[in-house]
> 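After the structure tokens below, expect a handful of questions from me.
Within every chain, numbering begins at 1; the chains are lettered A, B, ... in the order of the sequence lines, protein sequences first and strands thereafter.
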Amino acid sequence: MNTPSRPAGWPRTEAEALAVQDELRLRVDGTDHSPEPGASGTVVVGLDVAYDDERDMVAAAAVALDAHSLDVLARATAFGRVAFPYVPGLLAFREIPALLEALDSLREKSGREPGLLVCDGYGRAHPRRFGLASHLGVLTGVPSIGVAKNPFVFTSAEPGPRRGDSAPLLDGTEEVGSALRTQDGVKPVYVSSGHRVSLQAARAHTLSLARRYRLPETTRCADALCRAALREAVQGEVRGDAAYGGKQS
DNA sequence: GCGACAG
DNA sequence: ATCTTGTCGC
């Protein structure tokens, strides 16, 4: 019933959060230890968070898919209070406590270890090279990538028009990610490596997960789940239903 | 100094 | 992220 929104020691100020990023960024492993994209039996986890700022409430979702079939193997949610205000570049501090809780819950009920985490946002494509996907990867040790819908502060050439076409996402002259077309003639997504995944592999995983739609199936499933969970939790609160007061699956 | 800025 | 109807198309 008790859902800590801010774990002990969680940063309270922007300065503290920046210090944490500077410390943890040193632990990022840029070499590839990710499973083969689309490999049967590999568990890929999609993660997302929905907010109700009015009620200071967040709902996180973690969904496990089979990398080959894209079948949903397990789902988990977690609820809490907003852990940090939204500050561009510090998104992780807002979302990670609830995401870790959902991920723990998912491990319990699936009984399987994730081979890859797919986050809504950035990994290396970040002002300090330590976005949400990098942060979550370092904390869990699981290979991770970030797939975002917008280029944030970076620029890229327009990738070619076909699925699979990509262009470097640049911070000046440094390649920090890829603009990747996942469907013919559809707006690209912005992919970057988080932890223990190369950029090339991050693109391959993204394409393998986005077979029919612009966004990876992992992201679509997690997005739908956390939104539904938040709706139900808010309704429950309005009705004064105690069953919605804590965490749920 | 001002605006822009993952979700 | 979220506020929000209908509409065009596969």
> Roughly how many Å is it from CG in A/D223 to C1' in C/dT2, rounded to a whole number?
12 Å
> Between C/dA1 atom C1' and A/Y122 atom OH, what is the distance in whole Å?
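So the two atoms are 15 Å apart, to the nearest Å.
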> Any stacking of A/Y51 on B/dG7, going by centres under 5.5 angstrom and planes within less than 30 degrees?
no
> If you check every side-chain atom of A/D48, which of B/dC5, B/dG7, B/dA6 has the closest atom?
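When the side chain of A/D48 is considered, B/dG7 is the closest of B/dC5, B/dG7, B/dA6.
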> Rounding to a whole Å, what distance do you find between A/E95:CD and C/dT2:P?
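Taking atom P of C/dT2 as the reference, CD of A/E95 is at 10 Å.
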> Mind checking whether A/F93 and A/F84 have parallel, tilted or perpendicular rings, split at 30° and 60°?
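Because their plane-to-plane angle lies in the 30° to 60° range, the rings of A/F93 and A/F84 count as tilted.
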> Of the listed nucleotides (B/dC5, C/dT2, B/dA6), which one gets closest to any side-chain atom of A/V153?
B/dC5
> Phosphate oxygens OP1/OP2 of B/dG7: is one of them under 4.0 Å from a side-chain N or O of A/K149?
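For B/dG7, OP1/OP2 do have a side-chain N/O of A/K149 under 4.0 Å.
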> Please determine, for the side chain of A/R94, which listed nucleotide (C/dT2, B/dA6, B/dG7) has the closest atom?
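Among C/dT2, B/dA6, B/dG7, the one nearest the side chain of A/R94 is B/dG7.
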> Between C1' on C/dG9 and CZ on A/R212, what's the gap in Å once rounded to a whole number?
11 Å
> If you look at every strand shown and take non-hydrogen atoms under 4.0 Å, does A/A50 touch a base, only sugar-phosphate, or nothing?
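Sugar-phosphate contact only.
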> Return the value, rounded to whole Å, for the distance between atom CG of A/D120 and atom P of B/dG7.
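My rounded result for the distance is 6 Å.
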> Taking CG from A/L99 and P from C/dA1, how many angstroms apart are they, rounded to a whole number?
13 Å
> Scan A/D53 against the nucleic acid and name what it touches under 4.0 Å (heavy atoms): base, sugar-phosphate only, or nothing.
nothing
> Just checking A/L90: base, sugar-phosphate only, or nothing, at a heavy-atom cut-off of under 4.0 Å?
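If one applies the 4.0 Å heavy-atom cut-off, A/L90 turns out to touch a base.
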> Could you state the atom-to-atom distance from OH of A/Y86 to C1' of B/dA4 in whole Å?
10 Å
> Check whether any side-chain nitrogen or oxygen of A/Y190 sits under 4.0 Å from OP1 or OP2 of B/dA6, and answer yes or no.
no
> Is A/R227 touching bases, backbone alone, or none of the nucleic acid, heavy atoms closer than 4.0 Å?
sugar-phosphate
> Under 3.5 Å, is there a donor on one side chain and an acceptor on the other for A/E95 and A/Y86?
no
> With heavy atoms under 4.0 Å as the rule, sort A/G89 into base, sugar-phosphate or nothing.
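Base contact.
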> Does the side chain of A/R128 come under 3.5 Å of the side chain of A/Q21 through a donor N or O and an acceptor N or O?
yes
> Do the side-chain N and O atoms of A/R203 and A/S178 include a donor-acceptor pair separated by under 3.5 angstrom?
yes
> Would A/R27 and A/F130 count as a cation-pi pair here, with the cationic atom under 6.0 angstrom from the ring centre and within 45° of the axis?
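Verdict for A/F130: no cation-pi partner in A/R27.
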> Check the phosphate of B/dC5 against A/N150, side-chain N and O only, distance under 4.0 Å to OP1 or OP2. Yes or no?
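Answer no for this pair, as no side-chain N or O of A/N150 is under 4.0 Å from OP1 or OP2.
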> Nearest whole Å is fine: how far is C/dC3 P from A/R55 CZ?
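A/R55 atom CZ is separated from C/dC3 atom P by 12 Å.
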